[in-house]
Each structure stands twice: as structure tokens, then as C-alpha cells.
Amino acid sequence: MEAAFPGMGTIINVVAILLGSVLGLIVGHRLPERVRAVVTDCLGLVTLLIAADAAFAVADPALAQELGRGVPVLVVLGSLLLGGIGGSLLRIEHRIEMMGGALQRYVARRFPASDDGHGARERFVQGWLTTSLLFCVGPLAVLGPIRDGLGLGIDQLALKSSLDGFASLAFASTFGIGVAFSALTVGVFQGAFTVVGMGLGAVLPDAYVAMLTAVGGLLLVGVAFRLLRVRDLPVGDLLPALVVAPPLMALVAALT
């Protein structure tokens with residue numbers, strides 16, 4: 001599928017998320033709390049399935065060829081440790097909550113919450129952070145916009161848009177308007193990779209995509225644990241692991 005201009009695939013993705021969120025908001029207000037709780041559990045299980053599939057990218061043959069057997073797991077561990085320490089020192093989770101609280105207060109006048117202020121803020125941040133991670137983790141979120149920037153078509157992003165649209169509908173019915181703001185996260189994240197594709201003129205090596213996917217998959221496990229109320233992991237503090245992974249992998253590859 002050819003794109004009329006670079007970035008068209010990401011725009012379609014953003015629109016799909018917004019449309020799904022609006023439909024979810026319309027449906028969500030008509031669902032009782034017990035039904036929304038079941039929806040959250042189902043989303044947690046599906047997120048865990050997606051996370052497991054993404055984390056399994058650590059066994060990708062491209063990674064074994066680049067680093068050797070067993071080494072990719074150590075790179076993933078190092079990325080999480082270094083990223084988590086840095087994120088904790090920077091208090092990223094706390095800052096995300098503050099930012100989410102500010103956004104929630106901004107939209108509260110237009111989308112009144114049915115619960116107390118603290119509950120509305122928590123739901124907003126949970127919806128925003130959860131869907132932002134879900135929509136930005138995986139090979140489609142990286143390779144799709146890069147292919148778009150290279151002028152190779154938007155087939156991958158068209159598939160991703162349909163998946164994200166249905167997912168945002170389900171999440172918005174439970175978490176509310178915060179899900180719609182993940183469209184902004186997706187626009188910035190995928191827009192950056194579109195620029196990478198336009199500037200570099202080459203596709204990101206498969207091994208590095210696999211590493212980002214594996215690290216992102218483990219972050220999604222943390223998201224799934226939060227949705228299933230297993231443990232409230234500070235996923236926000238672990239986000240720098242996605243930035244640490246590529247240079248750490250390059251360093252290890254140079255030393256081996």
C-alpha cells in the first residue's frame with residue numbers, strides 16, 4: 001500500500017486510536033463496574049500474551065548471530081538494570097503521574113469523572129501509560145514507520161492501526177479518556193522513526209529491532225501485572241531501558 005506522503009501511516013494509526021477511544025468512551029459509560037473489571041482482566045491477560053510473544057524475540061536468530069548464544073539475555077538484563085536505575089533517579093514514574101494528573105485535570109471539565117478525583121487521576125494515568133507502551137512496543141511500531149519514511153509503503157502500519165483501534169476501544173471503555181492521549185505518544189514515537197527512515201535511508205538492523213522488542217516485551221509484562229493487580233511495578237522508571245538497549249548491544253557486539 002503506497003503512501004501519499006511520508007508519515008501517512010502514523011497519521012492513520014493516530015486516527016484509529018482516537019476513533020477507538022471515542023467509541024470506547026461511549027460504550028464504557030453504559031457498562032457496570034463489575035463488567036469493566038472483567039474487561040480489565042481480559043486486557044491484562046491479552047497484554048501478557050503480547051508481552052510473552054515480544055519478549056521471546058530474545059531468541060531471535062539475528063541476535064544470536066550478532067552477539068552469540070546466551071549473550072542477548074545478559075544485554076536485556078543490563079538494559080533493564082541500567083535503565084531502571086536511571087529512571088528511578090530521574091523519578092520518571094512520578095513525573096508521568098504528575099503529567100497525567102495535569103492532563104486529567106485539564107480534560108476533567110469536559111469529561112467529568114464518576115468517581116473521586118484520586119480515582120479519576122489513577123485511571124487516567126493507567127490508561128495513558130498502559131496503551132502508550134502497548135502501542136509503541138513491537139516490531140510494527142519500529143519497522144512500520146521506518147518503511148513509511150523510506151517510501152516502501154504503509155502495509156505494516158495499516159495492520160497495526162486496525163489492531164490499535166480495537167484495543168483502544170476496549171481500554172477506553174475501562175480507563176476512560178486517558179487512552180485517547182496515547183495517540184499523542186504514538187504520533188511522536190512513530191513520527192521519530194519515520195524521520196529516521198527518511199534520514200538514514202536504511203532499515204534498522206533486524207538484531208536491534210529484536211533487542212528493542214525483547215526489552216519492550218518485558219516492560220509489557222510489568223504492565224500486565226498492574227492490570228491483573230499482581231504487583232504495581234514502576235514501569236515508567238524502566239522506560240529508559242529502551243534507550244539503553246541499542247548502545248549497550250553495540251558495545252557488547254564490539255567486545256565479542
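Rounding to the nearest 0.5 Å places OG1 of Thr130 at 9.5 Å from CG of Leu220. Leu218 contributes atom CG, which lies 9.5 Å from atom CG of Leu238 (distance to the nearest 0.5 angstrom). Separation of atoms CG (Leu212) and OG (Ser79) is listed at 8.5 Å; rounding is to 0.5 Å. To the nearest 0.5 Å, atom CG of residue Leu134 and atom OG of residue Ser182 are 9.0 Å apart.
The hydrophobic clustering, which links ILVMFWY residues whose side-chain heavy atoms are closer than 4.5 Å, places Phe193 and Leu184 apart. Grouping the Ile, Leu, Val, Met, Phe, Trp and Tyr side chains by contacts below 4.5 angstrom, directly or via other members, places Val243 apart from Leu219. Connection of Tyr208 to Leu80 is established within a shared hydrophobic cluster, with ILVMFWY side chains joined at heavy-atom distances below 4.5 Å, either directly or through further cluster members. Tracing side-chain contacts under 4.5 Å through hydrophobic residues (I, L, V, M, F, W, Y), one reaches Leu242 starting from Val252; they form part of the same cluster.
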Would you mind writing out the side-chain donor-acceptor pairs for residues 164-171 within the sub-3.5 Å range, not counting sequence neighbours?
{"from": "Asp164", "atom 1": "OD2", "to": "Asn13", "atom 2": "ND2", "distance (Å)": "3.1"}
{"from": "Asp164", "atom 1": "OD2", "to": "Lys160", "atom 2": "NZ", "distance (Å)": "2.6"}
{"from": "Ser168", "atom 1": "OG", "to": "Ile17", "atom 2": "O", "distance (Å)": "3.3"}
{"from": "Ser168", "atom 1": "OG", "to": "Asp164", "atom 2": "O", "distance (Å)": "3.1"}
{"from": "Ser168", "atom 1": "OG", "to": "Gly165", "atom 2": "O", "distance (Å)": "2.8"}

Donor-acceptor contacts under 3.5 Å from residues 49-73 side chains, at least two apart:
{"from": "Asp60", "atom 1": "OD1", "to": "Ala62", "atom 2": "N", "distance (Å)": "2.8"}

What side-chain donor-acceptor pairs closer than 3.5 Å can you find for residues 82-93, not counting sequence neighbours?
{"from": "Ser88", "atom 1": "OG", "to": "Gly84", "atom 2": "O", "distance (Å)": "2.8"}
{"from": "Glu93", "atom 1": "OE1", "to": "Gly236", "atom 2": "N", "distance (Å)": "2.6"}
{"from": "Glu93", "atom 1": "OE2", "to": "Arg226", "atom 2": "NH1", "distance (Å)": "3.1"}
{"from": "Glu93", "atom 1": "OE2", "to": "Arg226", "atom 2": "NH2", "distance (Å)": "3.4"}

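In terms of heavy-atom proximity, Val215 sits nearest to Ala245 at CG2-CB, 4.1 Å. The shortest heavy-atom contact between Ala16 and Ser161 is CB-O, 3.4 Å. Residues Ser21 and Ala172 approach most closely at O-CB, 3.5 Å, considering heavy atoms.
Here the rule is side-chain contact (heavy atoms from CB on, under 4.5 Å) with Leu157, and of Ile11, Thr194, Asp148 only Asp148 fits it. Applying side-chain contact (heavy atoms from CB on, under 4.5 Å) to Trp128 and the options Ile177, Val179, Thr185 leaves one that passes, Thr185.
Take Val230 and apply the side chain to side chain contact (heavy atoms under 4.5 Å, CB included) test, not counting sequence neighbours, and it matches Phe225, Leu228.
Legend: side-chain hydrogen bond (donor to acceptor under 3.5 Å, both in side chains) pairs involving residues 234-251, not counting sequence neighbours: none detected.
Annotation for Leu255: hydrophobic cluster partners, listed by chain and number, are Leu251 (ILVMFWY side-chain heavy atoms under 4.5 Å, direct or chained).
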Take Leu23 and Leu19, measure what side chain to side chain contact (heavy atoms under 4.5 Å, CB included) needs, and give me the verdict at the end.
CA-CA 6 Å; Leu23 291 176; Leu19 289 177; 5.5 Å; no
Please assess Phe181 against Phe124 for the test ring-ring contact (aromatic ring centres under 6.0 Å, His included), listing each intermediate value before the final yes or no.
CA-CA 9 Å; Phe181 279 83; Phe124 185 94; 5.5 Å; yes
